[in-house]
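All values derive from a computational prediction rather than experimental measurement. The chains referred to below are lettered A, B, ... by the order of the sequence lines, with proteins before strands, and numbering in each begins at 1. When reading the values below, keep in mind they use all heavy atoms of this one structure, side chains included, and skip hydrogens, waters and symmetry mates.
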Amino acid sequence: VGVVDAQTIVDAVGLGAVYALMAVGIGLVFGVLRLVNFAYGQLIMAGAYALAFASEHDWPVLPGILLCFTVVLGLSFVLERLVFRPLRLHSPAVMLVTTFAVAFLLQNVALVIDVRDGTIGEAASSIAGVTLPGDSGSINQAFSLWGLDVRRITVVAIVVAALWLTGLALLLGRTTIGLQMRAAATDFPTARLLGVRANAVIGLAVLLSGVIAATVAVLLTVQSPLVAPDFALRETIVVLVGVVVGGIDRLWTATLGGFAIGFATGVIAGALPTDQTVYLPSAVFALVIVVLLFRPAGLFARGGFASVERV
Amino acid sequence: VSRRLDALVQLAGPALLVIAVGVAGSFTSRATEIYFRNALVSVAVVVAIYVFVGNSGVLSFGQISFVAVGAFAAGVMTVPSDVKPGVLPDAFSIIRDNSLGNVPSLLLAALVGGALALVVGLPLMRLSGLAAGIATFAVLEITHNVLREWTKIGPGAGLLSLVPETTDLLQAAIGALVVIGAAFAYQRSRLGRLVRATREDAAAAQAVGVSVHRQRLVAFVLSGTLAGLAGGLYVHMLGSLTADQLYLELTFVSLAMLVVGGMTSLLGAVVGALAISGLTSFLGEAEEGVSVGLRLDLPEGSGLIVVGALMALTLILRPSGITGGRELSLAFLGRGRAR
């Protein structure tokens with residue numbers, strides 16, 4: 001068994017930070033709509049294509065990022081209007097499978113657009129090679145910190161995730177609309193009776209979730225600049241699993257779950273012997289099963305044991 | 001009298017659909033026939049999933065695991081022994097030195113599917129809701145990972161090839177009918193009613209002495225067995241297969257077929273499978289340019305966009321599916337005549 005060293009931990013935290021952001025994006029929408037949005041990854045994919053488009057047309061980096069945010073937010077609101085809103089009163093299974101269908105649809109739209117030039121996949125090379133102000137190396141290169149090799153993007157991801165999560169915590173904890181969102185997430189019908197406007201909180205949740213998706217699109221594109229129709233699909237699936245494992249009913253347990261599965265993946269990857277690393281998914285998902293068997297309501301949820309067979 | 005007759009009508013709907021597709025397929029050219037075989041095998045897969053998901057009301061993303069192990073078991077045991085060392089160089093000697101015929105390999109596929117379902121179902125059937133969905137998904141991930149990497153039991157990430165293509169139209173139709181028959185017998189039986197009781201109200205069912213865990217497990221194992229059989233049909237239809245073909249996309253498409261058709265009825269499972277696989281095939285052909293009354297000429301890949309859009313639209317407008325989750329019944333037919 002390999003040793004879990006400090007290097008592994010740093011890389012695992014970097015992965016966990018991005019997953020935590022995605023978990024918040026998924027958890028926000030789940031909170032107000034009770035909808036597990038499987039198509040979240042396709043929002044990120046759309047943002048990544050926007051970055052690739054900007055790179056291809058030699059746009060500077062900032063307008064490219066702006067385009068990415070515009071595309072993701074626009075698509076978020078279109079989906080809310082056309083899909084999420086009509087689905088609101090349907091059963092969870094129907095909602096989930098409908099978002100599969102939407103994900104499938106968006107992925108194929110991307111494919112049709114992408115293959116027009118004869119190849120699948122577009123490179124967003126300009127953003128991946130960007131240099132931070134006052135820095136010598138490009139954002140994807142590593143620098144040495146206390147004897148560890150840390151990629152600059154890992155630090156950026158951790159800082160950005162920390163900033164977004166703090167901002168979100170302040171918004172939810174210190175503002176009226178934040179209070180309304182928390183109320184809606186706890187008990188939507190009662191919150192509405194007490195004067196919370198449904199469209200306002202849903203709109204805000206979709207907006208915030210879209211901003212986070214765009215942020216993740218930028219972070220992921222920098223790390224792997226080749227954008228294909230299945231971009232971020234794998235990450236979304238893993239984060240969805242993490243969100244449920246952490247406890248989807250509350251935002252902070254969902255976020256911790258996202259972080260935990262990213263962190264655990266990083267640590268297990270470092271700990272597995274080299275010839276066994278192909279079995280990383282098996283190890284991670286076996287752990288998922290064990291956690292769910294013992295704490296079905298979520299690893300970080302209160303009273304996880306009580307709801308094994310809550311009948 | 002009417003109860004017996006009603007049962008007959010209920011079975012007749014799905015069975016006649018399958019027979020109609022089989023007969024229609026036999027009149028088409030060799031190139032088009034594959035679509036009909038594919039539709040029939042899809043029926044087998046979706047009905048197998050329905051046996052658990054439809055009857056128990058617990059969403060599972062893991063049933064394709066059982067299709068996958070069934071397909072690989074039937075596949076590796078039927079590769080002709082003279083070419084087997086080339087296809088499966090690292091396999092265990094028990095796999096390398098033994099071969100099975102077509103029908104025994106299908107039985108083996110069912111057995112392996114059922115056995116795996118029993119092993120994972122024993123602990124997992126305590127879960128419900130999203131936790132059950134994610135745990136069964138984890139089973140799919142592990143199954144796929146092991147099938148893809150462990151070269152002692154199969155081709156690993158490579159192609160399992162040279163499997164005899166014995167699933168012709170007749171075998172596909174008979175296979176689909178067997179799966180439908182088993183699903184029907186189960187849902188009409190005492191056990192089927194018990195698991196449906198746990199779906200409608202788990203607390204009430206438990207209060208009258210029904211073990212939720214045991215009834216779900218029965219449904220899960222039967223579903224796994226039928227899914228394994230469907231996997232056997234699948235590998236014998238294609239002749240070659242990779243682990244990636246029995247993974248996420250098949251899981252999502254099969255679940256979508258079930259939900260679009262109507263999750264809580266056998267008829268829904270069959271209708272959904274036939275409708276979506278028919279539509280996919282037709283639009284796939286339309287991308288090549290096909291004329292059916294009017295000439296359709298779609299750009300490549302756009303067929304799947306139409307399928308996705310129609311699936312989403314069906315679910316938004318008719319969340320209980322095309323059939324509304326109901327079986328065909330005398331009352332329904334009678335009402336149709338009276339109008």
Can you give each donor-acceptor pair under 3.5 Å made by side-chain atoms of residues 270-284 of chain B, sequence neighbours left out, with the distance rounded to 0.1 Å?
from: B:Ser277; atom 1: OG; to: B:Ala273; atom 2: O; distance (Å): 2.8
from: B:Thr280; atom 1: OG1; to: B:Ile276; atom 2: O; distance (Å): 2.6
from: B:Ser281; atom 1: OG; to: B:Ser277; atom 2: O; distance (Å): 2.7

Return the option, out of A:Ser282, A:Pro86, A:Ala103, with the maximum number of heavy-atom pairs under 4.5 Å with chain B. A:Ser282
Between A:Val94, A:Ile289, A:Val278, A:Leu292, which has the largest tally of heavy atom pairs under 4.5 Å with chain B? A:Val278
Pick whichever of B:Ala135, B:Gly308, B:Gly129, B:Ala256 has the most heavy-atom pairs under 4.5 Å with chain A. B:Gly308
For chain A, find which of B:Pro319, B:Ala131, B:Ala204, B:Ala309 contributes the most heavy-atom pairs closer than 4.5 angstrom. B:Pro319
Shortest non-hydrogen separation from [X] to [Y] and the atoms involved:
X        : Y        : answer
B:Ala312 : A:Ala101 : N-CB, 3.8 Å
A:Leu105 : B:Ile305 : CD1-O, 3.0 Å
B:Pro123 : A:Leu293 : O-CD2, 3.4 Å
B:Leu248 : A:Ile237 : CD1-CD1, 3.6 Å

Is the number of heavy atoms from other residues, nucleotides or ligands under 6.0 Å of B:Arg214 CZ greater than 12? no
Heavy atoms from other residues, nucleotides or ligands near CZ of A:Arg234 exceed 12 (cutoff 6.0 Å): yes
Between [X] and chain A, which part of the residue has a heavy atom less than 4.5 Å away: side chain, backbone, both or neither?
X        : value
B:Ile316 : both
B:Val146 : both
B:Val53  : neither

In Å and rounded to the nearest 0.5 Å, what is the [atom1] to [atom2] distance from [X] to [Y]?
X        : Y        : atom1 : atom2 : result
B:Met311 : A:Phe100 : CE    : CZ    : 10.0 Å
B:Glu149 : A:Gln276 : CD    : CD    : 10.5 Å
A:Phe285 : B:Phe137 : CZ    : CZ    : 5.5 Å

Select one option (side chain, backbone, both, neither) describing which atoms of [X] are under 4.5 Å from chain B's heavy atoms.
X        : answer
A:Val36  : side chain
A:Leu82  : backbone
A:Ala286 : both
A:Tyr279 : both
A:Arg116 : neither
A:Leu87  : side chain
A:Val288 : side chain

Testing B:Leu315, B:Val260, B:Leu258 for side-chain contact (heavy atoms from CB on, under 4.5 Å) with A:Val97, which one passes? B:Leu315
Within a strict 4.5 Å, meaning less than it, do heavy atoms of the A:Leu280 and B:Asn145 side chains meet? no
